[in-house]
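Following: one structure in structure tokens, then a few remarks.
To find a chain, count down the sequence lines: A is the first, B the second, and so on, and within it residues start at 1.
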Number of protein chains: 2
Amino acid sequence: MRERVTLRDVAHLAAVSAKTVSRVVNGDAHVTPGTRARVQQAIADLGFQPNLVARSLRVGRTDVVGLVVESLADPFFARLTSAVEQAAHERGLAVMVSSVGNREPEREPLIVESLLVRQVAGLIVAPMAQSHAYLAGAGRRTPIVFVDRLPEGIVSDAVLVDDLAAGDMATRHLLDHGHRRVAFLGSELRNPTTRLRLAGYRRALAACGLPEDESLVAVGAGSAREARAAAERLLDGPRPPTAIFSSNMRCSLGLVPLLHGRGRTDVAVVSFDDFPMADSLVPAVTVIDHDPEVIGRAAAERLFHRLDDLDAPAETVTVPVRLVPRGSGELPPPGAGRPRRRDQDVVLAQDGSQDRAHNGAGGRASTMTSPHAQEGAR
Amino acid sequence: MRERVTLRDVAHLAAVSAKTVSRVVNGDAHVTPGTRARVQQAIADLGFQPNLVARSLRVGRTDVVGLVVESLADPFFARLTSAVEQAAHERGLAVMVSSVGNREPEREPLIVESLLVRQVAGLIVAPMAQSHAYLAGAGRRTPIVFVDRLPEGIVSDAVLVDDLAAGDMATRHLLDHGHRRVAFLGSELRNPTTRLRLAGYRRALAACGLPEDESLVAVGAGSAREARAAAERLLDGPRPPTAIFSSNMRCSLGLVPLLHGRGRTDVAVVSFDDFPMADSLVPAVTVIDHDPEVIGRAAAERLFHRLDDLDAPAETVTVPVRLVPRGSGELPPPGAGRPRRRDQDVVLAQDGSQDRAHNGAGGRASTMTSPHAQEGAR
DNA sequence: CGATGGCTTGACATCGATGACAACGCGGTT
DNA sequence: AACCGCGTTGTCATCGATGTCAAGCCATCG
């Protein structure tokens, strides 16, 4: 094992003080070209690399951001992580990831703590826990940006998808194609994301003047297996739906194979979350596309702004979703004539309905921000 | 912003020295129950959390492992990362991930350096660069485990999949179902993984007494789009294949939609790498399953062993693959009668052909290890 | 010619924890 | 009573970098 090379070794070889080496390493201008050259030569000769741990201790903060997600095996979070990592890398920051695990939201505080004690400069958290009041103290020291869901019990920066608009858009799409019995398939209602998508579903029904039929709302399916079972109950009920809005990927991974297995590909489907091969099925699956890359980058950038200005008010960034028509969502209900139209273009949803702010930005990668007052933080 | 709470603050409140607090925090036995209780009370009162950066500086090593992969957006690496992260968490280690990017293997040394200067305790690297001689110095200080591919120009711990056996198994499976014109679709040949799978393909052909037909070998497709184009050339050639071994997921994501789009689902396909929905297509896609979780965990455990014993000889762990018959790989060639049999069971490949060691382990998650002499490291 | 000021450079303390070692107190031994 | 030994606790230096401040040097200016 080679010995560790430190500033002092370089200083000794270059016959200067450690401080001068530090100046050269940090690009301080107050060093004469001659000394600078001597030091750089010594650095090269010894292969010196500054010890970032020591630097972090001294300056009181690391150049690492922490990221807490539910599961890296989930493609949504994987792509989100990828985007965060890229954005961080561009800024010279490293990323520590930790996953909480699908079934154990109660571990979230522990995971977050384990990153905080490592003195991360900031955190990006996809919240699972019911309350985030436990962060009230920590959040003052370490900036936190929440993604995907709003934290409860704390005011903070956040990046959200417009779940309400998405649920509305998906449902309306099916209604526009003539369906009148549209089912909602979703996971636990204590998940705010599911709640918002369901609210969007209801809003679309209401806008269309349709009554709600609770027998068409199947929630609580936490896994593909449970979603499959829930979908079977829907299909086998007395008045089955002609169209289904599957409100997340796990549900779709239960629903779609079921429909194919039963030969029931006549049932119209819109899925929240795109998934690989969704466009190779027959019919290809119409999806609401989430764009985790856009969300991840927006979260990273929100965090960077926060690092640059710790006192600015908290902001919420809303990322638009888009509907990608591929066939399954454009199937007509049984007995209908030809579908009224065939969508070919991507439809953008962005009505800012989750938030106070409104603007007209509609591009795929565009986002909108809205300030929050800091009042009420505790 | 609350002030940072340090050991000294706790010491002051508990009326002991900082050292005693340190002893309590680290569970040192040489503290009387009375003082221990007083200190713990003070810790609780102040909400003290030890600063791991300071500890790391003092003890000379962090409790963080670095992971370098090609892209987190790739489900294989995402699941691998997930497994590494879980294993690390169980050992109280954090994980820093960095991705190199699909198209720029030359960035690998920079990425690795950026983790080394952060004093990671160890590294897990999915190599992309052509040579890893640049690690010869660093590798003596920081243990490195390579995954997925063997490093070049250095001897080190590694975790590999048995690519040769996998290529052999996939090809043999198609030959067993009566095919005589089996094509190979793969990415760049400078990728050792592709080379090994191709070697397996050739071994199976040779074992079957078939001549090689270079017009059936399509390599160099780095993206799904290029793979699609390469597959089109295969199908449109003068003597098209009746079966195709698609040697990685990107190739399959080009090939499979092409076959479906053209209505050529009569062409038999075996895909290396499973992918979501592969079993919902008609026919479902027969795959060689990689099991990134097993690979990731094996890599993490190899690294942990290394951390516990820095002087042990380097070892290579080989992870078995399995063939999952689902339909597309069992299609008969045109003109054949009924297929001879329908495989229902999972087939395990583990002949250790990449390595000197042999054993009979065959369970899904089993691995085999073989020691390497350290000779030849430079 | 001496004072002033700007620039380069270095000495020293410091970030927060822990290792080495010493001091201390207490009980048991001879 | 003096001594020894053991277990508890504290002092001090240290990990490797950087912030503070001042010394040293040279040039310019009154």
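- At the heavy-atom level, Val31(B) lies under 4.0 Å from the strands shown only through sugar-phosphate atoms.
- In this structure Phe304(B) satisfies the ring-ring contact (aromatic ring centres under 6.0 Å, His included) test with no other residue, sequence neighbours excluded.
- Counting to the nearest Å, the P atom of dA22(D) and the NZ atom of Lys19(A) are 15 Å from each other.
- dT18(C) atom P lies 12 Å from atom CG of Leu57(A), rounded to whole Å.
- Residue order along DNA chain D, read from the 5' end via each residue's closest nucleotide, puts Ala18(B) first among Arg8(A) and Ala18(B).
- Between Asp9(A) atom CG and dG16(D) atom P there is a gap of 9 Å when expressed in whole angstrom units.
- As judged by a 4.0 angstrom heavy-atom cut-off over every strand, Ser56(B) is placed among residues making no nucleic acid contact.
- Comparing atom distances between the Thr35(B) side chain and each of dA17(C), dT9(D), dG16(D) picks out dT9(D) as nearest.
- Side-chain N/O atoms of Thr6(A) include none lying less than 4.0 angstrom from OP1 or OP2 on dG16(D).
- For the atom pair CE of Met128(B) and OG of Ser99(B), the computed distance is 10.0 Å after rounding to the nearest 0.5 Å.
- Using a 4.0 Å cut-off, some side-chain N or O of Ser22(A) falls inside it from OP1 or OP2 of dT18(D).
- Summarising the geometry, the separation between CG on Asn26(A) and P on dG19(D) is reported as 7 Å, rounded to the nearest angstrom.
- One can place CD of Gln49(B) at 11 Å from P of dA17(C), the figure rounded to the nearest angstrom.
- Contact of Arg23(B) with dG19(C) (side chain to base): no donor-acceptor pair of N or O atoms is detected under 3.5 Å.
- A heavy-atom distance below 4.5 Å is found between the side chains of Leu93(B) and Asp63(B).
- The shortest side-chain heavy-atom distance between Leu123(B) and Leu116(B) falls under the 4.5 Å cut-off.
- Atom pair Asn51(B):CG and dC15(D):P shows a separation of 18 Å (rounding to whole Å applied).
- Phosphate contact (OP1/OP2 of dG10(D), side-chain N/O of Thr20(B), threshold under 4.0 Å): present.
- Glu293(B) has no carboxylate O lying under 4.0 Å from a charged side-chain N of Arg297(B), or vice versa, which leaves the two without a salt bridge.
- Side-chain atoms of Arg55(B) stay outside donor-acceptor range of the base of dT18(C), with no qualifying N/O pair under 3.5 Å.
- Using a 4.0 Å heavy-atom distance criterion, Val16(B) is classed as a sugar-phosphate-only contact.
- dG10(D) atom P lies 13 Å from atom NE2 of His12(B), rounded to whole Å.
- Between Ala54(B) and Ala15(B), the residue whose closest nucleotide on DNA chain D is further toward the 5' end is Ala15(B).
- Looking at Arg58(A), its side chain has no donor and acceptor atom pair within 3.5 Å of the base of dG16(C).
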_Checking Tyr134(B) against Glu108(B) for the side chain to side chain donor-acceptor pair (under 3.5 Å) test, could you report, in this order, the C-alpha distance in whole Å, the side-chain angles of both residues, the deciding distance, and whether it holds?_
CA-CA 10 Å; Tyr134(B) 75 92; Glu108(B) 185 187 305; 3.0 Å; yes
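- Checking the phosphate oxygens (OP1, OP2) of dT8(C), a side-chain nitrogen or oxygen of His30(A) falls inside 4.0 Å.
- Phosphate proximity of dT11(D) to Ser17(B): absent, as no side-chain N or O sits under 4.0 Å from OP1 or OP2.
- Rounded to a whole Å, the CG atom of Asp28(A) is 9 Å from the P atom of dT8(C).
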